[in-house]
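Just so you know, residue 1 is the first one in the sequence shown, and it goes up from there. As the structure is a prediction and not an experimental result, all values here were calculated from the model.
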Amino acid sequence: PILIDTFEIKENRIKSVSASSMENLVNMTTLSLDENMIEIIDTNLLAKLKELICLTLNKNKLLGKHFKANGIVRYGMDKDFCIKLKILELSDIGLDHFDETLFYHLNHLESLTLSSNRIKKLDDNCFIKLTKLENLNLSDNDLDSLKPSFFDKMLSLKNLDLSKNKLKTIHASIIFK
């Protein structure tokens, strides 16, 4: 395998990423594919990148309908998906909703960015397994409410960005755990 640690392919016109295109990069820890035209990422690719710590897919065409209809199967976010992942950025990909189990196996995730999407509602348990999550960015979405118990299991959370949503009230239990 090639010993590239960080691979950035930002601001290109890439539409899909196949497993064969990076088959020799199994030791890669950072993959940045921001600002492309990516609609599909081969499930096999994500399963092969077992050393990946940081994955950024900001400003692509991974529309929310793909997450809703095919969820974790399409993007390989199952038990074999990037088990060491600490940073995941899915900003401005047209995401409006996602299956509550989408992030279940990302036990080491410390930072999650879902900003600039169209998320209207969060399932009660969508982040319940993210016990190491320190940074959560949900800014610039369409959230209008959050249940008071939503962040109860997120004991490591240090930074929460809810800017530019449609929130009308904030419960004290969200701020004071």
Going through the checks in order, is the side chain to side chain contact (heavy atoms under 4.5 Å, CB included) test met by Asn36 and Val17? CA-CA 11 Å; Asn36 279 288; Val17 183; over 6 Å; no
Check step by step if side chain to side chain contact (heavy atoms under 4.5 Å, CB included) holds for Tyr104 and Ile128. CA-CA 8 Å; Tyr104 269 24; Ile128 199 164; 4.0 Å; yes
Step by step, work out the side chain to side chain contact (heavy atoms under 4.5 Å, CB included) result for Leu88 and Phe103. CA-CA 10 Å; Leu88 179 59; Phe103 304 112; 3.7 Å; yes
Any chance you could lay out the side chain to side chain donor-acceptor pair (under 3.5 Å) test for Ser20 and Ser18, step after step, and finish with the verdict? CA-CA 5 Å; Ser20 61; Ser18 67; 3.2 Å; yes
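You'll find the side chain of Leu155 stays beyond 4.5 Å of the side chain of Thr131, heavy atoms only. By the 4.5 Å heavy-atom criterion applied to side chains, Leu31 and Leu25 are not counted as neighbours. In this structure, Asp144 and Lys168 have side chains that are in contact, with non-hydrogen atoms separated by less than 4.5 Å. A 4.5 Å side-chain heavy-atom check between Lys120 and His97 finds every atom pair outside the cut-off. The shortest distance between side-chain heavy atoms of Leu49 and Leu55 does not fall below 4.5 Å. The closest side-chain heavy-atom distance from Arg13 to Met37 is below 4.5 Å. Residues Leu112 and Phe127 meet the side-chain proximity criterion, which asks for heavy atoms closer than 4.5 Å. Residues Leu3 and Asn27 are in side-chain contact: their nearest non-hydrogen atoms beyond the backbone lie under 4.5 Å apart.
Judged as a side chain to side chain contact (heavy atoms under 4.5 Å, CB included), and not counting sequence neighbours, the contacts of Asp161 are Asn137, Ser139, Ser163. Looking at residues two or more places apart in sequence or on another chain, you find a side chain to side chain contact (heavy atoms under 4.5 Å, CB included) between Ile53 and Thr29, Lys86.
Under a 3.5 Å cut-off, the side chain of Thr30 and the backbone N or O of Cys54 do not form any donor-acceptor pair. Using a distance-only test at 3.5 Å, with no hydrogens or angles considered, no donor-acceptor pair links the side chain of Asp96 to the main chain of Arg118. With hydrogens and angles disregarded, a donor-acceptor distance shorter than 3.5 Å links the side chain of Asn165 to the backbone of Asn141.
No single ILVMFWY cluster, assembled from side-chain heavy atoms under 4.5 Å apart, contains both Leu138 and Ile87.
How far NZ of Lys59 is from CD1 of Ile38: 14.5 Å, rounded to the nearest 0.5 Å. To the nearest 0.5 angstrom, Asp92 atom CG is 9.5 Å from Lys61 atom NZ. Rounded to the nearest 0.5 angstrom, Asp123 CG and Lys147 NZ are separated by 9.5 Å. Distance check: His105 NE2 to Lys129 NZ gives 8.0 Å after rounding to the nearest 0.5 Å. Rounding to the nearest 0.5 Å places CG of Leu90 at 12.0 Å from OG of Ser116. Distance CG/Asn12 to CG/Leu33: 9.5 Å, rounded to 0.5 Å.
The minimum heavy-atom distance between Leu136 and Met154, with the atom names listed, is CD2-CE, 3.8 Å. In terms of heavy atoms, Leu122 sits closest to Leu143 at CG-CD2, 3.9 Å. Residue Met28 comes nearest to Asp5 through the heavy atom pair CG-O, 3.5 Å, listed as atom of the first residue, atom of the second, then distance. When all heavy atoms are compared, the tightest approach of Lys10 to Ser32 is CE-CB, 3.5 Å. The shortest non-hydrogen separation linking Leu130 to Leu106 is CD2-O, 3.3 Å.
Of the candidates Thr113, Thr56, Asn58, Glu89 forms a side chain to side chain donor-acceptor pair (under 3.5 Å) with just one, namely Asn58.
A salt bridge is defined here as a Lys NZ or Arg NE, NH1 or NH2 lying under 4.0 Å from an Asp or Glu carboxylate O, and Asp142 with Lys166 meets this definition.
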